[in-house]
Protein chains: 2
Amino acid sequence: MTTSILVPVFAALGDETRWSILVALGEEDASASALAGRLPVTRQAIAKHLAVLQEVGLVESVRVGRELRYRVLGSQLSETAKRLDRIGAQWDRRLAAIKRIAEDL
Amino acid sequence: MTTSILVPVFAALGDETRWSILVALGEEDASASALAGRLPVTRQAIAKHLAVLQEVGLVESVRVGRELRYRVLGSQLSETAKRLDRIGAQWDRRLAAIKRIAEDL
DNA sequence: GATTACTGCAACCACATAGTTGCATTAACC
DNA sequence: GGTTAATGCAACTATGTGGTTGCAGTAATC
């Protein structure tokens with residue numbers, strides 16, 4: 001169970017502003033400056049958030065002319081979801097087993 | 001897309017110690033004191049973490065005699081995983097659409 | 001009923017981080 | 001080539017939070 005790699009991803013997802021950024025990027029790719037126009041925080045704050053998101057593989061960047069355009073990576077989210085589901089199912093199996101034993105008494 | 005409810009769950013999952021607690025509880029139900037015996041943090045720290053986890057529905061507690069025993073809830077994890085996967089798939093669909101358009105040119 | 005073992009609460013500390021402002025830099029575009 | 005509009009970097013602030021210690025409360029157990 002390789003949870004250690006997952007934790008930073010969750011930490012990245014555990015912030016409202018970062019979700020706003022992800023949702024905005026989910027609609028269309030954008031630069032930090034462009035995002036700053038839509039969100040109630042400065043460009044620099046957004047740049048920091050994008051660095052965090054890129055670090056854990058939730059976004060990637062591409063240079064387009066003089067701007068750095070960011071793109072959201074749904075695959076990383078789906079991958080994380082799969083692992084989560086597996087762990088959750090495992091825990092539920094144990095619970096079910098306990099209930100079964102209790103009923104057998 | 002109701003992400004607002006998800007964010008606190010991810011924030012809760014974005015901490016190594018809390019994962020240690022969840023993993024320990026995944027093996028068997030335990031009280032804060034019992035967990036303190038296994039993990040390198042004090043009981044009080046663990047109690048705070050359990051409060052956070054309970055707040056977002058990742059664990060529940062049951063009184064057993066004079067101890068408060070905690071149990072991990074895999075269902076909440078699976079539910080979160082489902083939502084994550086849906087969002088990730090949506091983002092990937094958009095990306096795929098863009099690629100399709102690019103190839104059509 | 002006294003002891004024991006657990007939980008609950010409060011104050012406090014240190015560090016991380018979300019946010020800001022300000023300035024330097026770099027690359028398009030006219 | 002100068003202007004403009006983007007990014008990059010640094011310093012600083014404030015707040016949140018993970019962690020601690022210490023003590024009070026409470027409920028089993030002998």
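Proteins come first, then strands; the chains are lettered A, B, ... in the order of their sequence lines, and each starts at number 1. Excluded from the calculations below are hydrogen atoms, water molecules and symmetry mates; all remaining heavy atoms, backbone and side chain alike, are included. Note that this is a predicted model, so its numbers are computed, not measured.
Contact annotation: A/Thr17 reaches the phosphate of C/dG19 (side-chain N/O to OP1 or OP2, under 4.0 Å). Taking only side-chain nitrogens and oxygens, A/Arg63 never comes nearer than 4.0 Å to OP1 or OP2 of D/dA6. For the OP1/OP2 pair of C/dT4 and a distance below 4.0 Å, the side-chain nitrogens and oxygens of B/Arg66 include no atom meeting the criterion. One finds no side-chain N or O of A/Thr42 lying less than 4.0 angstrom from the OP1 or OP2 phosphate oxygen of C/dT21.
Rounded to whole Å, atom C1' of D/dT17 lies 9 Å from atom CG of B/Asp15. Atom CG of B/Leu50 is separated from atom P of C/dG8 by 10 Å (rounded to the nearest Å). Rounded to an integer number of Å, the gap from CD of B/Glu67 to P of D/dT26 is 19 Å. The nearest whole Å value for the distance from the CG atom in A/Leu68 to the C1' atom in C/dA27 is 12 Å. Nucleotide C/dT7 holds its C1' atom 14 Å from the CZ atom of B/Arg69, rounded to whole Å.
Candidate nucleotides C/dT20, C/dG8, D/dA6 were compared by shortest atom distance to the side chain of A/Ala45, and C/dT20 ranks first. If you check C/dA18, C/dT7, D/dG18 against the side chain of B/His49, the one that comes closest is D/dG18. Looking at the side chain of B/Gln44, the nearest of the listed nucleotides C/dA11, D/dC23, C/dT7 is D/dC23.
Here CG of A/Leu77 is found 4.5 Å from CG of B/Leu84. Values are rounded to the nearest 0.5 Å.
Along DNA chain D, the nucleotide closest to A/Ala34 and the one closest to B/Gly65 are compared, and the more 5′ of them pairs with A/Ala34.
Checked by atom type, the side-chain pair B/Glu67/B/Ser33 shows no donor-acceptor distance below 3.5 Å.
The pair B/Arg18-B/Glu55 does not count as a salt bridge, with every side-chain nitrogen at least 4.0 angstrom from each carboxylate oxygen. With respect to the salt-bridge test (charged N to carboxylate O, under 4.0 angstrom), the residues A/Arg71 and A/Asp29 qualify.
A donor N or O paired with an acceptor N or O is found under 3.5 Å between the base of C/dG8 and the side-chain atoms of B/Arg43.
Counting any heavy atom pair closer than 4.0 Å across all strands shown, B/Ala47 reaches no nucleic acid atom.
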